[in-house]
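Working notes, structure below.
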Amino acid sequence: MDKKKIIVGLSGGVDSAIAAYLLKKQGYEVTGAFMRNWDAIANNDISGNPTLDEPMCPQEQDYEDAKKVADQLEIPLLRVDFIKEYWDNVFMYFLDEYKKGRTPNPDIFCNKYIKFEAFLNWAKAQGFDQIATGHYAKRVDKDGMTYLYKSFDQNKDQTYFLSQLNQSQLSASIFPLGDIDKHEVRAIANELNLAVASKKDSTGVCFIGERHFKEFLFNYLPMKKGPIVDINTDKKIATHDGVFYYTIGQRKGLGIGGLKDYPDAKSWYVCKKDVKQNILYVANDENDEHLLADSALISDVNFNAIRPENGQQIYAKFRYRQKDLGVKIFLIDENSVRLEFDQPYKAITPGQAAVFYDDNVCLGGGIIQEVYYKNRKIN
RNA sequence: UGGGGCAUAGCCAAGCGGUAAGGCAACAGACUUUGACUCUGUCAUCUCCCUAGUUCGAAUCUAGGUGCCCCAG
């Protein structure tokens with residue numbers, strides 16, 4: 001039997017490097033691919049971009065690192081761009097959501113449309129059997145289905161970002177890091193003497209990078225000042241730069257401090273956005289009732305493998321790196337569900353992903369559409 | 001132009017003669033492949049509106065300015 005031909009997305013980081021190494025060790029015929037999906041200059045990513053003035057743009061630096069890794073592992077490295085696809089399928093969506101006053105999660109769409117669609121299709125066309133990535137996630141084949149499980153390293157688990165993948169995407173993918181933790185990844189990289197063994201984990205929007213977020217959005221969304229209103233008194237207490245720059249539960253960046261009428265003032269938190277009237281509502285207590293929700297309507301629902309039962313008790317994650325929270329799931333139709341929370345949860349934000357779990361099984365996920373508290377829609 | 005009150009960091013605010021609390025904001029770092037939250041750290045030193053004085057020593061007392069507020073006109 002021929003060796004399976006695998007192409008690994010090499011980002012220039014340590015995770016994908018070790019993913020490639022493990023596959024090679026397992027006997028696959030491994031090729032690396034470096035993807036570039038964001039052109040800062042062409043995409044007008046100017047304000048809030050800390051790396052504009054650097055002699056080598058960060059993607060080229062990452063490419064150099066990926067090249068070093070490929071050379072050390074003795075695998076070929078291909079290069080491919082999906083700049084247009086990224087702009088059309090991820091970034092436009094991202095901006096549209098912001099314009100609606102919601103808080104999108106671009107990386108979930110990046111996986112759905114770029115890494116596991118554009119890239120996957122490209123790889124197949126190049127004659128590869130499967131693609132692999134350095135995601136911390138586990139693929140489990142059982143009963144003729146391909147399931148997505150949380151990674152062994154619970155702290156790094158990235159199934160949240162993979163929740164929109166379907167059967168054909170999952171079955172064409174390999175996640176070599178599913179059974180080891182980050183320390184081990186670093187340790188292997190050190191043993192191999194990899195150039196990127198100690199490279200800092202990358203953060204920020206995938207393929208774009210770290211940005212001063214509000215300034216980054218200034219590039220694409222016009223500033224539009226309006227009132228910040230105390231939701232408990234309905235009084236204007238400050239001015240904002242445009243409701244879409246803020247997200248529910250946000251504390252930093254409001255610039256509200258030391259108000260005469262609030263001698264015991266604590267920190268202020270965003271609890272509601274009125275896009276139409278351009279009003280930002282805030283509450284003066286991190287435990288304010290206006291931050292709570294007890295049920296939500298989830299749209300764009302995808303189940304990775306099987307559909308849960310109607311009314312089943314499961315867990316949901318409403319933000320990456322947030323604890324799994326107990327919910328009951330009610331199936332409404334093919335693409336939407338309603339979640340009833342075991343108890344009120346804080347800062348549930350429309351536009352963000354709700355990802356469903358049954359213990360370690362990632363069932364799938366969707367986009368938070370409407371949020372309710374005590375049967376009243378609060379967004 | 002009579003009386004009273006107040007002037008402390010970006011904002012709110014302690015201090016009442018002994019060598020500038022605290023909170024919010026901001027900034028930095030940690031955490032993090034969204035965006036938040038969270039945690040840690042920094043943040044008044046010819047300084048407490050200005051000037052002069054009393055005192056060993058004043059943000060704190062005195063006098064005079066300046067500005068703002070309230071009451072009465």
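Note on naming: letters A, B, ... go to the chains in the order of the sequence lines (proteins, then strands), and numbering restarts at 1 for each one.
- A:Lys156 comes within 4.0 angstrom of sugar-phosphate atoms only, judged by non-hydrogen atoms across all strands, and of no base.
- Spacing of P atoms, B:G23 relative to B:A30, comes out at 24 Å, to the nearest Å.
- Looking only at atom types and distance, the side chain of A:Gln369 has a donor-acceptor partner in the side chain of A:Arg102 under 3.5 Å away.
- Comparing B:A36 with B:G41, their P atoms are spaced 23 Å from each other, to the whole Å.
- Look at B:C37: it lacks any Watson-Crick or wobble partner with both distances under 3.5 angstrom.
- Atom CZ of A:Phe318 is separated from atom C1' of B:C37 by 15 Å (rounded to the nearest Å).
- Residue-level contact check: A:Gln352 touches the bases, meaning some heavy atom is under 4.0 Å from a base atom.
- In terms of phosphate contacts, A:Thr203 brings no side-chain nitrogen or oxygen within less than 4.0 Å of OP1 or OP2 of B:C31.
- When the C1' atom is used for both B:A9 and B:C49, the distance is 14 Å, rounded to whole Å.
- Nucleic acid contact for A:Gly253: sugar-phosphate only, since backbone atoms but no base atoms lie under 4.0 Å from a heavy atom of the residue.
- Using a 4.0 Å heavy-atom cutoff across all strands shown, A:Leu254 reaches sugar-phosphate atoms only and no base atom.
- Rounded to a whole angstrom, the distance from the P atom of B:C11 to that of B:G64 is 29 Å.
- Taking atom OH of residue A:Tyr320 and atom P of nucleotide B:C31, one finds them 13 Å apart after rounding to whole Å.
- For the residue pair A:Tyr160/A:Lys150, the side-chain donor-acceptor check at 3.5 Å is not satisfied.
- Atoms NZ (A:Lys252) and C1' (B:C27) sit 9 Å apart, rounded to a whole Å.
- Comparing the same atom, C1', in B:C12 and in B:U1 gives a spacing of 33 Å after rounding to whole Å.
- Nearest nucleotide to the A:Phe213 side chain, out of B:A36, B:U32, B:U38: B:A36.
- Here A:Phe161 and A:Tyr320 bring their ring centres to under 6.0 angstrom of each other.
- Per the geometry, CG belonging to A:Asp261 stands 10 Å off P belonging to B:A13, to the nearest Å.
- Of the residues in residues 159-177 of chain A, those lying under 4.0 Å from RNA chain B by heavy-atom distance are A:Phe161.
- Residues A:Thr103 and A:Thr349 bring no donor and acceptor atom of their side chains to less than 3.5 Å of each other.
- Remark: C1' of B:C31 and NZ of A:Lys323 are 17 Å apart, rounded to the nearest angstrom.
- Residue A:Asp201 is the one, among A:Asp201 and A:Gln250, whose nearest nucleotide of RNA chain B lies closer to the 5' end (criterion: closest heavy atom).
- Close to B:A36, at under 4.0 Å from its OP1 or OP2, lies no side-chain N or O of A:Tyr245.
- B:C46 makes up no base pair with any nucleotide shown, lacking Watson-Crick or G-U wobble contacts both under 3.5 Å.
- Whole-Å rounding puts the A:Trp268 CH2 to B:G23 C1' distance at 13 Å.
- Side chain to side chain, A:Thr146 and A:Ser171 fail the donor-acceptor criterion of an N or O pair below 3.5 Å.
- In this entry B:A59 has no Watson-Crick or G-U wobble partner, no candidate having both defining distances under 3.5 Å.
- Searching all strands for a Watson-Crick or G-U wobble partner of B:U1 with both distances below 3.5 Å returns nothing.
- Looking at heavy atoms from C-beta onward, A:Asp153 lies out of side-chain contact with A:Val185 at the 4.5 angstrom threshold.
- Atom P of B:U40 sits at a distance of 14 Å from the matching atom of B:A25, rounded to the whole Å.
- No donor-acceptor contact under 3.5 angstrom links the side chains of A:Asn379 and A:Tyr372, judged on distance only.
- Figure legend. B:A7 is base-paired to B:U66; pairs are counted as Watson-Crick or G-U wobble with both atom distances under 3.5 Å.
- The nucleotide whose nearest atom lies closest to any side-chain atom of A:Lys200 is, among B:U34, B:A36, B:A30, B:A30.
- The residue A:Glu210 sits close to a base: some heavy atom pair falls under 4.0 Å.
- Between the NZ atom of A:Lys266 and the P atom of B:U38 there is a distance of 13 Å, rounded to whole Å.
- Across every strand in view, B:G73 sits unpaired, with no contact that passes the Watson-Crick or G-U test at under 3.5 angstrom.
- Of the candidates B:A36, B:U32, B:A25, the closest approach to any side-chain atom of A:Arg321 belongs to B:U32.
- One interatomic measurement links the two molecules: OH of A:Tyr345 to C1' of B:C37, which rounds to 17 Å at whole-angstrom precision.
- At the phosphate of B:U38, OP1 or OP2 sits under 4.0 Å from a side-chain N or O atom of A:Arg251.
- Counting heavy atoms from C-beta on, the side chains of A:Trp38 and A:Asp45 come closer than 4.5 Å.
- Taking atom P in both B:U55 and B:G15, the straight-line distance is 28 Å, to the nearest Å.
- Comparing B:U34, B:C12, B:A36 by their nearest atom to the side chain of A:Lys260 picks out B:C12.
- A cation-pi arrangement is present between A:Lys317 and A:Tyr357 under the rule of less than 6.0 angstrom and at most 45 degrees off the ring axis.
- A distance of 6.0 Å or more separates the ring centres of A:Phe82 and A:Tyr86.
- Atom name P, nucleotides B:C61 and B:U8: the rounded distance is 15 Å, in whole Å.
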